[in-house]
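Some notes on the structure that comes next.
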Amino acid sequence: MSDIALIQNIAEYAGKTVTIQGWVADKTDKGKLQFLRVRDGTGVIQATLFHKAVSPEAFDLAKRVPQESSVRVTGEVRQEPRAPGGYELAVTDFQAVQLARDEFPITPKEHGIEFLMHNRHLWLRSSRQHAILRIRATIIKAIRDWLDDNGFMLMDTPILTPASVEGTTTLFETDFYGDPAFLTQSGQLYNEANAMAFGKVYCFGPTFRAEKSKTRRHLSEFWMVEPEWAFGTLDDYMNVAERMVSYVAQTVLQQRAAELQVLERDTSFLEKIVPPFPRISYDDAVKIIKEKGDANFKWGDDFGAPDETLISEQFDRPVFVHHYPTAMKAFYMAPDPERPEVCLSADLLAPEGYGEIIGGGQRSDNLEYLEAQLEKHKLPREPYEWYLDLRKYGSVPHCGFGLGIERTVAWICKLEHVRETIPFPRMLDKIYP
RNA sequence: UCCGCGAUAGCUCAAUCGGCAGAGCAUGCGGCUGUUAACCGCAGGGUUGGAGGUUCAAGUCCUCCUCGCGGAGCCA
């Protein structure tokens with residue numbers, strides 16, 4: 001048998017005979033000429049079978065091979081302008097590994113979202129899903145590369161936790177040797193302990209929220225990267241976040257141009273994603289909403305989706321909104337010393353209506369303040385004892401943020417819904433496949 | 001949880017005032033040596049989401065249920 005080649009490297013094999021192992025994505029029957037589009041996971045290549053060039057058995061097999069059968073196809077790689085991708089395989093041998101037993105549900109024609117989601121395990125084979133999930137992988141790698149190269153250390157935080165971070169949102173409860181335990185909503189609190197031990201850290205992993213949210217921006221299980229560092233301030237956080245997000249955008253632009261093209265994503269928007277990002281205060285954001293949107297918006301209200309869209313529409317790159325009302329944010333956010341009704345927090349709103357992709361800020365380093373906040377938020381003290389310890393032994397100003405991977409992917413790919421940004425999305429009441 | 005829309009062939013959809021259940025794609029068979037979501041011919045394929053009701057007659061009207069989609073709130 002000839003060498004196994006990957007389709008992504010096919011140009012290197014021009015003039016040579018190779019074998020491709022993959023699946024029949026599509027085919028065209030022209031009588032004594034068969035065209036098969038073969039996909040191997042790294043790309044798609046057209047395999048051309050002339051009746052005279054292969055054995056009668058191989059030709060007959062190609063004629064009746066159903067869509068998504070697994071195959072081995074051998075032939076000479078040649079440049080061919082008429083073939084999609086510019087190269088084709090002039091087939092000399094063709095074998096089936098398995099003939100698909102039933103009609104493949106997903107055809108090159110249109111399908112509804114309900115049907116596609118039910119067949120998510122098969123939908124993953126389509127070119128659009130390949131483009132999105134490759135970009136997801138590139139985004140994750142870019143984030144981790146940037147953090148690793150800028151002195152942050154990966155420290156994974158637990159998935160099973162005894163208590164909620166925010167205390168309010170809904171948790172998935174599990175049984176932990178007879179006691180309740182909860183799937184994590186955030187690595188935040190543990191990250192603070194890690195930062196006091198190692199200085200600059202980040203965690204990266206799945207988080208779980210049992211919110212009854214049914215929107216294009218929500219998943220029950222989503223991935224989040226959370227940097228956290230000692231001696232960091234609100235401004236430090238915004239500086240780090242904008243550099244990291246810019247690096248991600250530029251990396252996707254450089255490495256995933258072909259995938260962005262499959263998604264018909266205009267790449268000029270990506271070129272604009274460079275520091276500095278605009279920064280406005282919550283107060284200023286409220287002014288914008290009152291002037292251009294909801295005149296009845298009151299200081300202290302949280303932004304709704306239309307409000308976030310309105311704010312982000314004022315800028316051509318992501319915008320930080322900082323100094324939110326203290327009452328709106330998590331108990332651990334540091335209050336502004338000059339103006340305690342607002343806190344040293346900031347969210348990053350993505351352009352084009354994609355909403356909040358980062359939330360973060362400076363954490364309170366004051367023991368008495370946090371004790372009072374726990375009471376105010378009606379949180380039990382005992383599960384937070386260890387967290388309060390961090391303010392007893394060398395407490396320092398520190399900051400951090402969490403970036404939602406799926407929302408970032410949806411924004412960069414300009415997708416309608418986050419459900420396509422993860423291989424198997426978990427959504428309200430939906431856990432199949 | 002609330003508001004709105006929807007469910008008809010494997011898929012995407014049509015069916016006029018309540019009056020014979022339709023098309024394209026997919027599939028099967030036949031034809032074609034350059035197809036790009038090929039094309040041409042033929043064929044098979046239906047408990048109209050479920051339960052009940054009104055009517056001479058229900059895919060169509062009414063009630064309840066189930067499921068899905070879009071949006072809101074909440075959040076990353």
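Proteins come first, then strands; the chains are lettered A, B, ... in the order of their sequence lines, and each starts at number 1. Please read these numbers as outputs of a predicted model, since none were measured by experiment.
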Among [options], the nucleotide that comes nearest once only the side chain of [X] is considered:
X: A:Glu88; options: B:A76, B:G34, B:C11; result: B:G34
X: A:Pro84; options: B:A26, B:G34, B:U36; result: B:U36
X: A:Lys212; options: B:U1, B:A76, B:U35; result: B:U1
X: A:Ala305; options: B:C69, B:G73, B:G34; result: B:G73
X: A:Thr48; options: B:G34, B:A72, B:C74; result: B:G34
X: A:Phe35; options: B:A76, B:C75, B:G34; result: B:G34
X: A:Glu211; options: B:G70, B:U36, B:C74; result: B:C74
X: A:Arg209; options: B:A76, B:G73, B:G70; result: B:A76
X: A:Thr107; options: B:G34, B:A26, B:U1; result: B:A26
X: A:Phe115; options: B:C11, B:G73, B:A76; result: B:C11

Find the partner of [N]: check Watson-Crick (N1-N3 plus N6-O4 or O6-N4) and G-U wobble (N1-O2, O6-N3) distances, both under 3.5 Å, and reply none if neither fits.
N: B:A23; answer: B:U12
N: B:U48; answer: none
N: B:U66; answer: B:A7
N: B:G28; answer: B:C42
N: B:A37; answer: none
N: B:C75; answer: none
N: B:A57; answer: none

Hey, are [X] and [Y] close enough for a salt bridge, meaning a charged N less than 4.0 Å from a carboxylate O?
X: A:Glu88; Y: A:Arg78; value: yes
X: A:Arg363; Y: A:Glu228; value: yes
X: A:Lys287; Y: A:Asp284; value: yes

Which class fits the ring pair [X] and [Y]: parallel under 30°, tilted 30 to 60°, perpendicular over 60°?
X: A:Phe115; Y: A:His111; result: parallel
X: A:Tyr282; Y: A:Phe297; result: tilted
X: A:Phe204; Y: A:Trp223; result: tilted

Expressed in whole Å, how much space separates the [atom1] atoms belonging to [N] and [M]?
N: B:G49; M: B:U33; atom1: P; result: 45 Å
N: B:A58; M: B:G18; atom1: P; result: 14 Å
N: B:G30; M: B:U47; atom1: P; result: 29 Å
N: B:U8; M: B:C13; atom1: P; result: 9 Å

- Note on the structure: Assign each of A:Phe222 and A:Glu103 the nucleotide of RNA chain B bearing its closest heavy atom; nearer the 5' end lies the nucleotide of A:Glu103

- Message: On RNA chain B, does the nearest nucleotide to A:Leu348 precede the nearest nucleotide to A:Arg64 from the 5' side, or the other way round? Give the residue.
- Response: A:Arg64

Report all interatomic pairs (protein N or O, nucleotide N or O of nucleotides 4-8 of chain B) with separations under 3.5 Å.
none

- Task: Compare side-chain N and O positions of A:Lys329 against OP1 and OP2 of B:C75 and report whether any pair is under 4.0 Å apart.
- Result: no

Ignoring hydrogens and angles, does a donor from either the side chain of [X] or the base of [N] sit under 3.5 Å from an acceptor on the other?
X: A:Gln34; N: B:U35; result: no
X: A:His218; N: B:C75; result: yes
X: A:Lys214; N: B:G70; result: yes

- Task: Any chance you could list the contact pattern along nucleotides 40-45 of chain B? Use B for base contacts, S for sugar-phosphate-only contacts and - for none, protein heavy atoms under 4.0 Å, 5' to 3'.
- Result: ------

- Flag if over 12 foreign heavy atoms under 6.0 Å of CD, A:Gln261: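 No.
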
- Query: With a cut-off of 6.0 Å (strictly less than), are more than 12 heavy atoms of other residues, nucleotides or ligands near CD of A:Glu173?
  - Reply: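 For A:Glu173, atom CD is crowded (more than 12 foreign heavy atoms under 6.0 Å).
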
- Distance-only donor-acceptor check, side chains A:Asn194 and A:Glu192, under 3.5 Å: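 There is no such pair (donor and acceptor under 3.5 Å, judged by atom type) between the side chains of A:Asn194 and A:Glu192.
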
- Which parts of residues 243-251 of chain A get close to RNA chain B, meaning a heavy atom less than 4.0 angstrom away?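 When residues 243-251 of chain A is checked for heavy atoms under 4.0 Å from RNA chain B, there are no hits whatsoever.
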
- Provide, to the nearest angstrom, the distance between the CD atom belonging to A:Gln185 and the P atom belonging to B:C75. 11 Å

Using a 4.5 Å cut-off on heavy atoms from C-beta on, say whether the side chain of [Y] contacts that of [X].
X: A:Phe222; Y: A:Ile405; answer: no
X: A:Pro318; Y: A:Leu349; answer: no
X: A:Trp23; Y: A:Val38; answer: no
X: A:Ile10; Y: A:Ile20; answer: yes

- Any residue meeting salt bridge (Lys or Arg N to Asp or Glu O under 4.0 Å) with A:Asp145, in chain and number order, not counting sequence neighbours: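 For A:Asp145 the salt bridge (Lys or Arg N to Asp or Glu O under 4.0 Å) partners, ignoring immediate neighbours, are A:Lys141.
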
- Query: Partners of A:Asp302 by salt bridge (Lys or Arg N to Asp or Glu O under 4.0 Å), sequence neighbours excluded?
  - Reply: none

Name the nucleic acid region contacted by [X], choosing base, sugar-phosphate or nothing; use a 4.0 angstrom heavy-atom cut-off, strictly under.
X: A:Glu80; answer: base
X: A:Arg101; answer: nothing
X: A:Thr215; answer: base

- Message: Are A:Tyr237 and A:Phe401, when compared by the centres of their aromatic rings, separated by less than 6.0 Å?
- Response: yes

- Task: Examine A:His118 together with A:Tyr432 and report whether their ring centres are nearer than 6.0 Å.
- Result: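 When the ring centroids of A:His118 and A:Tyr432 are compared, they turn out to be within the sub-6.0 Å range.
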
Can you name the atoms? Protein N/O to nucleotides 37-39 of chain B N/O, anything below 3.5 Å, with the distance.
unit_1 : atom_1 : unit_2   : atom_2 : d
B:A37  : N3     : A:Lys109 : NZ     : 2.7
B:A38  : OP2    : A:Asp26  : OD2    : 3.4
B:A38  : N6     : A:Asp29  : O      : 3.1

- Message: Taking syn as a glycosidic torsion within 90° of 0 and anything else as anti, which one is B:C17?
- Response: syn

